[in-house]
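Since the structure comes first, as structure tokens, the remarks are kept for the end.
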There are 2 protein chains.
Amino acid sequence: MTHTFLNEAPITTASDQVFVDMRREIVEGSIVQGSKISEPELAKRYGVSRATLREALNRLESCYLVERKANVGCRVVALTAERLIEVYQVRSSLEGLACRLAADNMEPEEVKGLKQLLNQHLQTQRVKEGESYYQEAGDLDFHYRIIQGSKNAHLIHLLCNELYQLIRMYRVQMGMVGPRVSKAFDEHLAIINAIENHDGELAEMLMKRHISASQANIQTKFDVYQSI
Amino acid sequence: MTHTFLNEAPITTASDQVFVDMRREIVEGSIVQGSKISEPELAKRYGVSRATLREALNRLESCYLVERKANVGCRVVALTAERLIEVYQVRSSLEGLACRLAADNMEPEEVKGLKQLLNQHLQTQRVKEGESYYQEAGDLDFHYRIIQGSKNAHLIHLLCNELYQLIRMYRVQMGMVGPRVSKAFDEHLAIINAIENHDGELAEMLMKRHISASQANIQTKFDVYQSI
DNA sequence: ATTTTTTAGATTGTCGACAATTAATGTCGT
DNA sequence: ACGACATTAATTGTCGACAATCTAAAAAAT
């Protein structure tokens, strides 16, 4: 079961379904990055008309997974090192903000839930030692809860609905499943403590640093290709 | 001539035109905030089919000017005090980032252009003394150039294409045309100096403060209504 | 042979009509 | 008179076809 954020509108219409399906295929690489999208072809493949497919494409564009040019067409986004830096600069700033707000606005029981989540991850990590399948869903859930804790609806939408699928796309296609687990664990713990102490300034700084470390980690994948 | 951001894709298709037209009407209040949008009605009014109108609606949703619910319809966004706070928290964070990046990445001639722009505004301000029609276009242009100076395409898109129309909508409909001119001038000057000295940290802080002051200024308009 | 122009093909943008869903009206029962 | 239910009207979602535009291959010119 692939983890997809929860606070989304339920899937009612056909274009909803196509949007969710295409999004998964793009994030996972089944529809390869940078490739051109043929509307008639994909419409046939998903068994819908071009109109509903275009509706889905519009929404994919809203979350930066495809790019569109008038009278030319649609391409899947290309995962470049430059774009990674740009996106992570934005992410770092916004999640830093979210974390600072969360230190003020999270309910005690929400903080408690966060700590339980972390303990849970510690245990599964010990079990799966090294293989650490947990990273993806676990890390995502951690960030997700803090973002929700900001109580800023606009910020939540920006991060959870618009930006995060692109970030997942980088992580999945760059093969970010393995390392950095124990380090990330310690960083998560420090962030939770700051939030619990209502130290927004510290929480923001720690989150920014945590995300920068994550970026540097992905960045190495690009550097590897570069050096070959 | 209303100032609209320059780095937009040229208007080629019919839905482009409808998008730009509707956007202006919403921002200026001709289409009133919170009102429901009837697709057949507006399609007839703009002389296009429902398909192209819906395309325009999708893009208006991308820049937060309308909200959409499946099988229910579309509403113009409502300008609440809560939303203002949320949006400005995000804006402050992102433009702070932009300003910090601009301190590193702006070319000397770009900085020079910024200073000229400010001098220009100083003169027109002296002439129009008090009435200060300059605020809207001038302030917008100042922020616009710094954002461009960040050289971060994703950030530029986020601020200039997605967020700024909503901000303009608040300013226009709350009647923010008059005051805060001289104060804003000094703040702008300090920001430019920080950028020129490549002091990103200071530039970020000053910009955040500048935007917070702007927020507080708009906020008073809501408080006035509240107290009546 | 190279460049420009023309032409053919394919793709996107737009339209009007139909199907599915929602909101509003009216009807019935208590 | 009030509330629950059924029916009707209106709105949105979806479809297939046509028009406008772009891309690329073929033809013409230098």
Side-chain angles (χ1 to χ4, degrees), chain A residues 8-26 30-78 157 161, chain B residues 8-26 30-78 157 161:
Chain A
E8 286 190 298
I11 294 148
T12 55
T13 86
S15 64
D16 283 340
Q17 189 62 57
V18 174
F19 167 64
V20 172
D21 289 348
M22 282 193 70
R23 188 179 65 181
R24 207 192 67 241
E25 294 202 62
I26 290 175
S30 305
I31 302 177
V32 298
Q33 52 147 321
S35 66
K36 179 149 192 328
I37 286 179
S38 163
E39 292 183 5
E41 180 191 327
L42 281 192
K44 199 168 66 178
R45 183 167 140 207
Y46 285 104
V48 296
S49 111
R50 265 186 61 222
T52 84
L53 183 99
R54 281 165 65 86
E55 176 85 20
L57 288 181
N58 277 326
R59 292 164 61 185
L60 289 171
E61 188 183 19
S62 294
C63 52
Y64 314 112
L65 296 182
V66 306
E67 288 165 350
R68 185 162 241 202
K69 277 185 201 161
N71 286 316
V72 173
C74 217
R75 303 195 82 87
V76 180
V77 72
H157 174 81
N161 294 124
Chain B
E8 286 190 299
I11 294 148
T12 55
T13 88
S15 65
D16 283 340
Q17 188 63 57
V18 175
F19 167 65
V20 172
D21 289 348
M22 283 193 71
R23 187 179 65 184
R24 207 193 67 239
E25 293 202 62
I26 290 175
S30 305
I31 302 177
V32 299
Q33 53 148 317
S35 66
K36 180 149 190 327
I37 286 179
S38 162
E39 293 183 4
E41 180 190 327
L42 281 191
K44 200 169 65 177
R45 183 168 140 207
Y46 285 104
V48 296
S49 111
R50 264 186 61 222
T52 82
L53 183 101
R54 280 165 68 84
E55 176 84 21
L57 289 180
N58 277 326
R59 291 165 61 187
L60 289 171
E61 189 183 19
S62 294
C63 50
Y64 313 112
L65 295 181
V66 306
E67 287 165 351
R68 185 162 241 201
K69 276 184 202 164
N71 287 316
V72 173
C74 217
R75 302 195 84 87
V76 180
V77 71
H157 174 81
N161 294 126

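Chain letters run A, B, ... following the sequence lines, proteins first and then strands; every chain starts at 1.
Taking atom CG on B:Asp16 and atom C1' on C:dT12, their separation rounds to 13 Å, with Å as the unit. When the P atom of D:dT23 is taken as reference, atom NZ of A:Lys69 falls 9 Å away, rounded to whole Å. What separates CD1 of B:Ile11 from P of C:dG13 is a distance of 16 Å, to the nearest Å. C:dG16 atom P lies 12 Å from atom CZ of B:Arg50, rounded to whole Å. Put simply, CZ on B:Arg68 is 15 Å from P on D:dT11, counting in whole angstrom units. In this structure, A:Asn71 places its CG atom 8 Å from C1' of D:dA20, rounding to the nearest Å. As rounded to whole Å, 13 Å separates atom P of C:dT14 from atom CG of B:Asn58. Per the geometry, NZ belonging to A:Lys36 stands 14 Å off P belonging to D:dC22, to the nearest Å.
Residue-level contact check: A:Ala51 touches the bases, meaning some heavy atom is under 4.0 Å from a base atom. As judged by a 4.0 angstrom heavy-atom cut-off over every strand, A:Ile37 is placed among residues touching the sugar-phosphate backbone only. Among the atoms of the strands shown, none is found under 4.0 Å from any heavy atom of A:Leu53. Within the 4.0 angstrom heavy-atom criterion, only backbone atoms of the sugar-phosphate kind lie near A:Ser15; the bases stay farther away.
Heavy-atom distances to DNA chain D give each of A:Ala70 and A:Ser49 a nearest nucleotide, and the one nearer the 5′ end belongs to A:Ser49.
For the residue pair A:Asn58 / B:Arg59, no side-chain donor-acceptor distance below 3.5 Å is found, with atom types taken as modelled.
Between D:dT12 and A:Thr13, no contact under 4.0 Å exists linking OP1 or OP2 to a side-chain N or O. When the side-chain nitrogen and oxygen atoms of B:Thr52 are compared with OP1 and OP2 of C:dC15, one or more of them lie within a distance under 4.0 Å.
Contact between B:Ser15 and B:Ala56 at its shortest, heavy atoms only, is O-CB, 3.9 Å. For the residue pair A:Val76 and A:Gln33, the shortest heavy atom distance occurs at CG1-CA, 3.7 Å.
When each of A:Leu60, A:Leu53, A:Leu57 is tested with A:Phe19 by the rule side-chain contact (heavy atoms from CB on, under 4.5 Å), just one qualifies, namely A:Leu60.
Counting only distance, with no hydrogens or angles, the side chain of B:Arg75 and the backbone of B:Gly34 share a donor-acceptor pair below 3.5 Å.
Side-chain proximity of B:Arg54 to the nucleotides D:dT11, C:dG13, D:dG13 is greatest for D:dG13. Comparing D:dC15, D:dG13, C:dG13 by their nearest atom to the side chain of A:Glu39 picks out C:dG13.
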